[in-house]
> 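Mind having a look at this structure? Questions to follow.
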Amino acid sequence: MAHSDLAVVGAGPAGMAAAVTAAEAGLSVTLLDEQPRPGGQIYRDVDRAAARRGDILGADFTVGVRLTGALAQPGVAHVPGATVWAIEAGWRLLYTRDGRAAEVTADRVILATGAMERPMPLPGWTLPGVMTAGAGQILLKQSGLVPREAVLVGCGPLLYLVAAQMVRAGVPPRALVETQTKAELIAAFRHAGGALRNGPALAKGLGLIAEIAGAGIDRHTGATDIAIDGEGQAEAVRFRAGGRVHRIPARTVLLHHGVVPNTQAARSLGIAHRWDHGQHCFAPVLDGWGETERAGLFIAGDGAGIAGAKAAEAAGRLAALQAGRQAGRLSRGQRDRQAAPLRAALSRERALRPFLDAAYPPHAPALRPPDATVVCRCEEVTAGDIRRYATLGCTGPNQAKAFGRAGMGPCQGRYCGLTVTALLAEANRQSPEATGYYRIRPPLKPVTLGELAAMDAPARDAAE
Amino acid sequence: MDWDYAIIGGGVVGLSVAWGLLRRDLRVAVIDGDDGAFRASRGNFGLVWVQSKGMNEPRYARWSQRSAAAWAGFAEELAERTGRSVGLEQNGGYDLHFSEETLAATVAKYEELKERLDGDYPFEVLGHNALRKEEPAIGPTVVGAILHHQDGHANPLNLLMALADDVRRMGGRVLTGKTVTEVTKPDGFRVACSDGTQVAAGKIVLSAGLGAAQLGPRLGFRAPVRPQRGQVLITEKLPKMINRPSLIARQVDEGGIQIGATNEEVGLDDGVTQPGLSHLAAEAIAAYPALARAQLVRSWGALRVLSPDGLPIYQESAEMPGAYLVTCHSGITLAAAHALTLPDWLESTGAAPDLEAFSEARFAVS
């Protein structure tokens, strides 16, 4: 059984930076990651994709090779293809790799499980041909596949980035159906001061929009009443914008209205979460180093609140420095000297968020969808079902789960959790915080009974 | 008086009793906890089970049999009234054995109990080959099973929902998210909650599961209940592979295989542990080897509500007459009895069952 000073879960920017920083401080580090190659979602497969498709994916993507390259050092044991399905206090991390269950123990843990796209339950969103913009982008990063004549629906920086990358790949989308309104953009300008502290990021965003406009792609903003039509397959996007109803034929629809922290692992450990009103999501309660209420357990990167890849990198390093300090490998002075520029970078990156959060808020009708819309895809539970469970006395999502199976499927509630909380909060006239969230239990990812049973102590002894 | 009964605890036990009282045109309020409360009703295994119950107390075996026999009518009535099926199947259930010795020892005990029950204990012993005919997926290390024909299973969550639905439909008032802080009896009963809610009722039923341990003594009960953790697993949905349920595994009506359960004395910790999950997985695979390839999609821990001897407690308070403690470990099995028979005891009708065996007198210090 392997033991490390530090275990890091997730090899995106936060996890890679944390692993490298901790190793540089002299800690032994095990970096567990689900993907076969490091990079996380943002720098997915960057080592190979940067060389092949760097021109399409852009410099903000290829910069990831700096982080993946640094992993190659003796202090970091990078375990790719490792799906962590349980974390127990103490700390034990249980994972599956190549069809076998294994465990790592560690004195400290940094969770760097990143963000996930906010589900966008619109009428018709479960039709084949509809996927998230992030999923569409992963196809591009990993396989170079670009859907033809796609319509992008939603809002936010990633929507523009994916559109621009499709343009560069020579397969431009047919249209962008954007949900944010001019009023929201204008209101966002009260946060312009913070945004201007991060001028380069703002300039990049404007550059993407110019690139899309330059390619002659239709942009519809302030879209409402959005639905995807089709019989057994997406056929068109229908919506209202500019005072009239539009219907754009599309066999591929890419949805996106922001990303939210993936809090499943932290939730499974009972970490307290607070409702972030600006980002409309739950985020774990952390101290200035990213440490949770449970000593030795840190959370870094977008899993702690959405701030982007550069912020994630800084936060990963900060958590690693504190882990190094706690392990006695860094003096207080060493830690603080290295932390100072990281804190400045983190503050600069975070300064942009209030503007982005206000300018591109999640599409309100998709936060609380109409009754007929499915919210839990695994068990096909509709928004109307959840509202009915509220009338049957469900004050929170765990009772609703017992009644309607929402959140019981293979995704462990990742895709319906926030929607179910929002629907119950509205129906019971409670805050999301008071309504709460699913009690997350292992397995965080499905694992076979055979893999589990192989870890049974008596069985193992008998086999030996 | 606002209500004839205030029921403290809105799990399967409390709602079954509430449903039974409402059905007799009594006015009932149910006071229930919040989303995070310990809820055995949400975590139990779903068996409607007779075998192995009351090995040393035939009156418990009879009480379980009485409920199991009433279950079909109870399920049918609920389904008619709510349009919700509770997935009841009563085609028998197994006690699987991996050794001839444990099988023989259990059979001997069942024979003894059968005699004390005047022969009303319909079980048969299936050797490996006979069992394999019934359950083709059974593994080679299972030497045999006891098939008890009074056993079965249901969908406990659908039962909970059907009760929650019908109790409201019949005019029961369910107050959710409440914590009872005080019960007084100035005249009738007055139940006070932490948020200031007050409920006035003629009688009180305390069916608050583990919550009875704190609240019970203030109402004059001993309420010696303790938590015992059971960890449970459920797989992805699979084609039919298990016909009859056992204590090891059952295939639920949605298709998943539910695997249970540990028995752990760990206080109020309802977590799951890898050793617990691995042990259950290993046992289930020994029983049904094909399960090795099945994906685990969920696991949970839930806390059984156990009395010192594992039997239910039905007790009227001597200190506060009109207050009743109703608590048990087998809330699903006993749901039909609680709904259809217990109201007679609460209302002291001529049809009241003799529940003396389940009074708190048995816990008296001798």
Side-chain angles (χ1 to χ4, degrees), chain A residues 85-89 92 94 99 101 103 268-270 378-379 388-405 407-413 424 428 430 434-443 445-460 462, chain B residues 10 15 30 32-37 39 41-43 156-158 160-165 167-168 174-178 231 233-237 254 256-257 259 270-286 288-301:
Chain A
W85 45 264
I87 302 171
E88 299 191 344
R92 298 174 69 216
L94 301 139
E103 75 173 288
S268 78
L269 289 160
C378 297
E379 297 287 341
R388 270 191 295 283
Y389 303 144
T391 69
L392 288 179
C394 295
T395 58
N398 293 296
Q399 288 164 298
K401 178 177 174 179
F403 278 6
R405 305 183 57 81
M408 283 193 182
C411 89
Q412 317 293 347
L424 290 174
N428 291 320
Q430 278 184 327
T435 302
Y437 195 75
Y438 290 134
R439 169 95 181 258
I440 303 299
R441 307 267 205 174
K445 295 284 172 74
V447 54
T448 67
L449 293 184
E451 288 158 18
L452 267 179
M455 301 188 97
D456 186 38
R460 210 164 41 195
Chain B
L15 289 175
V30 179
D32 195 23
D34 63 25
D35 195 55
R39 289 180 183 274
S41 297
R42 223 160 54 190
L157 299 179
N158 284 0
L160 184 66
M161 181 159 63
L163 288 169
D165 188 351
V167 159
R168 287 171 172 82
V174 184
L175 303 160
T176 56
K178 305 293 177 196
Q231 300 187 42
L233 280 60
I234 196 154
T235 69
E236 62 188 311
K237 294 172 185 175
E254 286 101 357
I257 309 285
I259 296 161
D270 69 349
V272 299
T273 65
Q274 174 268 319
L277 300 183
S278 289
H279 175 70
L280 292 172
E283 191 177 54
I285 290 168
Y288 301 98
L291 285 177
R293 293 186 299 275
Q295 297 271 1
L296 171 72
V297 294
R298 280 183 294 131
S299 72
W300 62 91

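So that the names make sense, note that chain A is the first sequence line, chain B the second, and so on, each numbered from 1. We use all heavy atoms of the structure for the numbers below, so side chains are in, but hydrogens, waters and symmetry mates are not. Bear in mind the structure is a predicted one, so any value in this text is a computation, not a measurement.
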> Side chain from CB out, backbone as N, CA, C, O: work out which of these in B/L233 comes under 4.5 Å of a heavy atom of chain A, or both, or neither.
side chain
> Quick check: closest heavy atoms across B/R293 and A/T448, and the distance to 0.1 Å?
O-CG2, 4.0 Å
> Treating B/Q274 as the side-chain partner and A/A86 as the backbone partner, does any N or O pair qualify as donor plus acceptor under 3.5 Å?
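No.
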> Would you give me the side-chain donor-acceptor pairs under 3.5 Å for residues 392-403 of chain A, sequence neighbours excluded?
from, atom 1, to, atom 2, distance (Å)
A/T395, OG1, A/Q399, OE1, 2.9
A/N398, OD1, A/R439, N, 2.9
A/N398, ND2, A/Y437, O, 3.3
A/N398, ND2, B/D35, OD2, 2.9
A/Q399, OE1, A/T395, N, 3.1

> Can you tell me which of B/T176, B/V297, B/L296 forms the most heavy-atom pairs within a distance under 4.5 Å of chain A?
B/L296
> For chain B, which of A/P446, A/P443, A/G270 has the most heavy-atom pairs under 4.5 Å?
A/P443
> Do you know which two heavy atoms are closest between A/L449 and B/T235, and how far apart they sit?
CD1-CG2, 3.8 Å
> Counting only non-hydrogen atoms closer than 4.5 Å, does B/V272 touch chain A with its backbone (N, CA, C, O), its side chain (CB onward), both, or neither?
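Both the backbone and the side chain of B/V272 come within 4.5 Å of chain A.
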> So, for B/S278 and A/M455, which heavy atoms are closest and what is the spacing to 0.1 Å?
OG-CB, 3.6 Å
> Tell me, for A/R405 versus chain B, whether the close heavy atoms (under 4.5 Å) come from the side chain, the backbone, both or neither.
side chain
> Under 4.5 Å from any heavy atom of chain A, what part of B/I234 do you find: side chain, backbone, both or neither?
neither
> Minimum heavy-atom separation for B/P275 to A/R92, with atom names?
CD-NH1, 4.1 Å
> Test your reading of the model: is there a side-chain donor-acceptor pair from B/R298 to the backbone of A/M408, 3.5 Å cut-off?
yes
> Please look at A/T391 and chain B and tell me whether the side chain, the backbone, both or neither of the residue comes under 4.5 angstrom of a heavy atom of that chain.
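For A/T391, the backbone is the part near chain B, not the side chain.
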> I'd like to know which of B/A164, B/A281, B/G10 tops the heavy-atom pair count under 4.5 Å against chain A.
B/A281
> Taking B/K237, B/E254, B/E236 one by one, which has the highest count of heavy-atom pairs under 4.5 Å against chain A?
B/E254
> Go through the atoms of B/I285 and report whether side chain, backbone, both or neither lie under 4.5 Å from a heavy atom of chain A.
side chain
> Could you please spell out the steps behind the side chain to side chain contact (heavy atoms under 4.5 Å, CB included) verdict for B/D165 and A/R388?
CA-CA 10 Å; B/D165 188 351; A/R388 270 191 295 283; over 6 Å; no
